[in-house]
Amino acid sequence: MDKTSFFNDVFEVVRLIPSGRVTSYGAIAEYLGAKRSARMVGWALNGSGGQSIPAHRVVNRNGLLTGKTHFGEPNKMERLLVDEGISVVENKIQDFDQVFWDPAIELL
DNA sequence: CACATGACTGGAT
DNA sequence: AATCCAGCCATGT
């Protein structure tokens, strides 16, 4: 298991997130067995540039679009989510519990 | 090698 | 309910 495996696993899970759904860094980290390494998930997504990774579907546990600043255009992430049917107000996902997609449950 | 920072989280205040 | 603090781990200075 080299380091790239972690990144690859993160990308794989994120790619499996269905449209109109979102998940959290902690949920992905937990699914990968590193629940205390949510920060590493964010770091992994940092290298998702160039890959076909819908990173806009990954937010923090509050449903807050903390990573929007890394999309080049701060409004791009929110626009993409809204376009998929997710309600976003002031960088915050509305009905977060309804659109939340947990790989540890949905990906059984 | 030590310290600071970050796309986080959970518990405490 | 809002804010603060400590834990985690990789990367940069």
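Convention: sequence-line order gives letters A, B, ...; per-chain numbering from 1.
Residue contacts shown for A:A44 are absent, as no nucleic acid heavy atom lies under 4.0 Å away.
Rounded to whole Å, the P atom of B:dA4 lies 16 Å from the corresponding atom of C:dC5.
For the pair A:S24 (side chain) and A:A27 (backbone), a donor-acceptor distance under 3.5 Å is present. A distance-only check finds no donor-acceptor pair linking the side chain of A:K92 to the backbone of A:L64 [under 3.5 Å]. With hydrogens and angles ignored, the 3.5 Å screen pairs no side-chain donor or acceptor of A:D97 with any backbone N or O of A:F100.
Atom C1' of nucleotide C:dT3 and atom CG of A:N62 are separated by 13 Å, given to the nearest angstrom. Spacing between atom NZ of A:K35 and atom P of B:dG10 amounts to 9 Å, rounded to whole angstrom units. We find that CG of A:L65 is positioned 11 Å from P of B:dC8, with the value rounded to whole Å. Rounded to a whole Å, the CZ atom of A:F7 is 11 Å from the C1' atom of C:dC9.
In terms of heavy-atom proximity, A:D102 sits nearest to A:T23 at CA-OG1, 4.5 Å.
When distances are taken from the side chain of A:M40 to each of B:dT9, B:dA7, C:dC9, the shortest belongs to C:dC9. With distances taken from any side-chain atom of A:S24 to the nucleotides C:dC8, B:dA7, B:dT9, the minimum falls on B:dT9.
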Could you list all N or O pairs between the protein and nucleotides 11-13 of chain B that sit under 3.5 Å apart?
none

Distances for protein N or O near nucleotides 2-5 of chain B N or O, under 3.5 Å:
none

